[in-house]
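Data first, discussion second: the structure below is written as structure tokens.
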2 protein chains.
Amino acid sequence: MPAKRPSPTVLREATRQARSFERVRQAHQREVAEDYVELIADLIDVTGEARAVDLAERLGVTNATVNAALNRLARDGLVTRQRYRSIFLTTEGRRLAEESRARHRIVRDALIKLGVDSETAEIDAEGIEHHISARTLAALREFLEGAGTP
Amino acid sequence: MPAKRPSPTVLREATRQARSFERVRQAHQREVAEDYVELIADLIDVTGEARAVDLAERLGVTNATVNAALNRLARDGLVTRQRYRSIFLTTEGRRLAEESRARHRIVRDALIKLGVDSETAEIDAEGIEHHISARTLAALREFLEGAGTP
DNA sequence: TATAAATTTTAGCTTGCACTAAATTTTGTC
DNA sequence: GACAAAATTTAGTGCAAGCTAAAATTTATA
Ligand SMILES: [Mn+2]
Ligand SMILES: [Mn+2]
Ligand SMILES: [Mn+2]
Ligand SMILES: [Mn+2]
């Protein structure tokens with residue numbers, strides 16, 4: 001097969017594409033942290049405390065998996081823990097939780113406004129939310145501010 | 001702290017939420033495969049063949065990473081390979097590539113129609129595309145069919 | 001207050017996906 | 001055709017995130 005030398009245009013397109021994939025990989029690195037702190041904040045608001053067993057149930061994973069994840073979150077300064085006690089968010093953790101929660105709602109509501117049933121919107125939003133840039137978030141906000149469905 | 005017994009309503013909400021997270025984890029398992037077959041199909045269309053070195057450049061990872069990923073894709077029946085030769089898609093791989101490509105375009109175009117600049121739309125679509133259910137895809141399609149921006 | 005149940009933690013295992021460095025093979029050029 | 005360059009593959013490493021099974025600790029109950 002002929003190994004044609006790529007034109008400058010194709011080269012630039014390749015690095016542009018590479019940047020997109022790098023962004024996606026970075027989003028994946030933040031993803032677990034965002035879901036955990038959002039869940040922890042919700043549990044604290046609703047039940048008064050966040051226990052590992054409740055996180056495990058809502059995430060659909062085992063206690064051991066949650067424990068390991070919480071160790072990483074503590075290492076990264078998002079939660080504080082005392083052995084055998086429930087979990088607390090640091091200031092930075094609470095900040096990330098608020099931000100994630102707001103974005104989650106906007107994505108879900110935008111999907112609903114686009115005609116997706118709320119059950120499906122909730123499911124899809126759980127994955128989509130981590131890949132929404134500031135610009136896209138702003139666009140969704142504006143879309144939601146526009147006239148509702150008649 | 002009081003360990004209040006959760007009400008049935010909270011219990012059902014917990015399993016509903018767990019299902020969302022399970023869906024996201026499943027999407028992540030398909031994600032690499034979808035990106036690779038889509039890229040391979042594009043390279044075959046544009047340059048006539050798909051070489052590992054081109055995949056690596058466009059993905060922003062090393063040759064070794066691409067090689068390992070291709071081994072998994074071959075194991076899963078999405079590509080065929082001969083040692084030191086370029087990569088081919090199986091029928092199933094081509095099917096997945098077409099599907100991924102179509103979904104990618106719809107997500108990107110929907111973002112653009114929502115007012116996102118095309119550069120940002122392309123970046124965000126690369127992550128969002130893997131978390132779009134059939135129902136949401138249908139909603140985006142309808143949204144795109146509606147009247148364009150005046 | 002003993003004992004049982006629930007919860008948290010630890011230990012050990014697996015897979016995916018990223019890396020570097022080096023070996024192997026193919027491709028291009030003189 | 002020899003040699004250099006490019007591409008592919010292998011080997012070895014590390015971390016994230018899932019699992020099961022068992023140990024440690026706390027909480028609830030008889
Ligand atoms: Mn999420
Ligand atoms: Mn969320
Ligand atoms: Mn993608
Ligand atoms: Mn894509």
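Because the structure is a prediction, the values reported are computed rather than measured. In what follows, chains carry the letters A, B, and so on, assigned in the order in which the sequence lines appear, proteins first and then strands, with residues in each chain numbered from 1.
- In this structure, of C/dT20, D/dT8, D/dG18, it is D/dG18 that holds the atom nearest to the side chain of A/V61.
- Nearest-nucleotide positions on DNA chain C for B/A69 and A/Q82 put A/Q82 closer to the 5' end.
- The side chain of B/R85 has C/dT26 as its nearest neighbour among C/dT9, C/dT26, D/dT20.
- In terms of phosphate contacts, B/R81 brings no side-chain nitrogen or oxygen within less than 4.0 Å of OP1 or OP2 of D/dT8.
- Here B/N67 reaches the OP1 or OP2 of D/dT9: one of its side-chain N or O atoms lies under 4.0 Å away.
- In the set C/dT8, C/dT10, C/dT20, C/dT10 carries the atom at the smallest distance from any side-chain atom of A/A64.
- A single hydrophobic cluster is not seen to contain both B/I106 and B/V37; linkage of ILVMFWY side chains at heavy-atom distances under 4.5 Å, directly or through other members, places them apart.
- Here C/dG16 presents its C1' atom at 11 Å from CG of B/D76, a figure rounded to the nearest Å.
- Taking the six-membered ring where the residue is Trp, the centroids of A/H131 and A/H28 are separated by under 6.0 Å.
- Checking D/dG18, C/dT8, D/dA7 against every side-chain atom of B/R25, the shortest atom distance belongs to D/dG18.
- A donor atom on one side chain and an acceptor atom on the other are found under 3.5 Å apart for B/E122 and B/H104.
- Of the side-chain N and O atoms in B/R72, one or more sit less than 4.0 angstrom from OP1 or OP2 of C/dC17.
- Side-chain N/O atoms of A/R83 include one lying less than 4.0 angstrom from OP1 or OP2 on C/dT10.
- Proximity note for B/T62 (side chain, C-beta onward) versus C/dT20, C/dT8, D/dC19: the nearest is C/dT20.
- Residues A/I123 and A/T120 are not in side-chain contact: their nearest non-hydrogen atoms beyond the backbone lie 4.5 Å or more apart.
- Here C/dA5 presents its P atom at 19 Å from OH of A/Y84, a figure rounded to the nearest Å.
- Rounding to whole angstrom units, CG of residue A/L70 and P of C/dT8 are separated by 9 Å.
- When heavy atoms are screened at a 4.0 angstrom cut-off, B/A68 is found touching no nucleic acid atom at all.
- Listed nucleotides D/dA7, C/dG16, C/dT9 differ in distance to B/V53; the shortest reach to its side chain belongs to D/dA7.
- Remark: the A/E126 side chain and the B/S20 side chain contain no N/O donor-acceptor pair separated by less than 3.5 Å.
- In this structure, B/T65 does not reach the C/dC17 phosphate: none of its side-chain N or O atoms is under 4.0 Å from OP1 or OP2.
- Look at A/R51 and you'll find a side-chain N or O under 4.0 angstrom from OP1 or OP2 of C/dT7.
- The CG atom of B/D35 sits 17 Å away from the P atom of C/dG16 (whole-angstrom rounding).
- Hydrophobic clustering (side-chain heavy atoms under 4.5 Å, transitive across Ile, Leu, Val, Met, Phe, Trp, Tyr) groups A/F21 together with B/V32.
- Between B/D54 atom CG and D/dA7 atom P the separation is 8 Å, expressed in whole Å.
- One atom, CG of B/N71, and another, C1' of D/dT9, lie 9 Å apart when rounded to the nearest Å.
- Contact annotation for A/V32: backbone-only contact, meaning every heavy-atom pair under 4.0 Å involves sugar-phosphate atoms and none involves a base.
- Following rounding to the nearest Å, B/N63 (CG) and C/dC19 (C1') show an atom-to-atom distance of 12 Å.
- Atom C1' of nucleotide C/dA18 and atom CD of A/E22 are separated by 12 Å, given to the nearest angstrom.
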